[in-house]
Amino acid sequence: MSFNPANKIQDLQYFGEFGGVNPSISDSSTYTFLSAKTMFDTFEGNAEGCYLYSRHSSPSNLYLGQALASMEDTEAATVTASGMGAITPVLMQLCDSGEHIVSSRTIYGGTYAFLKNFAPRLGISTSFVDITALDKVVDAITEKTKILYCESVSNPLLEVADIRALSNIAKKYNLQLVVDNTFSPLSISPKKLGADIVIHSLTKFINGSSDTVGGVVCATQEFIDQLRNVNDGAAMLLGSTMDSLRSASVLKNLRTLHIRMQQHSKNALFLAQKFEALGLKTVYPGLKSHPSHELFNTMMNEEYGFGGMLTIDVGSIDKANALMELMQERNLGYLAVSLGFYKTLFSAPGTSTSSEIPEDEQKEMGLSDGLIRFSIGLDADIERTFKMMKQCMIDLDILEQTMV
Ligand SMILES: *Cc1c(COP(=O)(O)O)cnc(C)c1O
């Protein structure tokens, strides 16, 4: 695939109002108008280039949105105060009461909780399916279905969605294919593969410094305008607006995303291969043993690799907790949720990020007790990291037990 999303970010040109190499930050919630007529037109959505009020849009948010739209090759984008602040308005904008969503069952815990516990209050129901079983996806579609929802690489099990095939299904049944691409920025370009709407939590790899939450919706200009509509736009009315100071700082971090993703991917591939060779049950899309390794290969923008996320299964929650505590003690990373930081982060999804999912459902989807999710950091010397992690496993008798 010749599309290179990092080039699209780099090729944008911004100048600050005094010729600064970064655009000036629009530190205002409201904007003056030279004429009352223009204010009216702006309310009606007819005054291009005019700003009204920063919950609707602001220059800083538009700059960041433009860069992310370029990255995902969509016409437009709108940035939000968090990833959930991007996901929930999209779902509410597309679905009325009485309508239905078909969603992957392995998704971010917050998204799962929204669909399962909150959306029914609005009369919106969801069928959760194994997204890798396309026949099950089709079987779940009803006359009321409006959305097909998935993550390109799923949290936390790292299942890979066949976006091309799902897009064909979505087109056939007249659904919107909404893809959360948080785990695989740059590596996978869902719009290129047929997704209608691409969402990211900017909190993770894209911002990359674990200092803020943020989100984005990348879509057609028409849909972004609908989300921001002053009369019935979910982003506008639910109010999950990003602050201008923050969007300026996320934009600056976005510029090193390609270098960071290459390093995250390189380090994660190295560790995944080594862990697997030790006999640990390892899941990483870059491993040949991953059920969707070939599929990932056919979808990816090669230079960015298979991403920074991997999981291992050490057999029990007690072992998992002991290993994570020891790795933190030896400064190999932090026992923390989230991802995309320069340090490695690890957590046991069953008791943390996916704890919204009931235990029996966790079992059914293969979310086992001893699972540890790693977001591999930018370590300069990953061989040293591996040796030290292996030593932790030896000290805790983990290797003998899981060796096959
Ligand atoms: C973190 C995350 C979200 C939610 O994003 P927030 O910024 O925490 O609101 C959504 N989807 C995925 C895949 C995530 O990892």
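All ligand and atom numbering here is 1-based and tracks the order in the structure. Computation of the quantities below employed the complete heavy-atom set of this structure, encompassing side-chain atoms and omitting hydrogens, waters and symmetry-equivalent molecules.
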inquiry  = Is it the case that the side chains of N207 and R246 hold a donor-acceptor pair, with the cut-off being a distance below 3.5 Å and no angle test?
reply    =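 There is no such pair (donor and acceptor under 3.5 Å, judged by atom type) between the side chains of R246 and N207.
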inquiry  = Here's one to test your reading of the geometry: is the NZ or CZ of R121 within 45 degrees of the ring axis of F118 and under 6.0 Å from its centre?
reply    =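 Relative to the ring axis of F118, which defines the angle, R121 lies inside both limits.
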key: D232 side, atom CG; Q226 side, atom CD - distance, nearest 0.5 Å   =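 These two atoms lie 8.0 Å from each other.
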task = Would you mind telling me which of S247, S58, S57, S54 makes a side chain to side chain contact (heavy atoms under 4.5 Å, CB included) with S26?
result =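 So the option named by the test is S58.
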request  = Verify the ring-centre separation between F205 and F183: is it less than 6.0 angstrom?
outcome  =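 Aromatic pair excluded; centres sit 6.0 Å or further apart.
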request  = Determine, using ring centers only, whether H293 and F306 are less than 6.0 Å apart.
outcome  =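 Yes, close enough.
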task = Give the protein residues with at least one non-hydrogen atom closer than 4.0 Å to an atom of ligand 1, ordered by chain and number.
result =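 Protein residues near ligand 1 are S82, G83, M84, I87, Y108, E151, D180, T182, F183, S201, T203, K204, G214.
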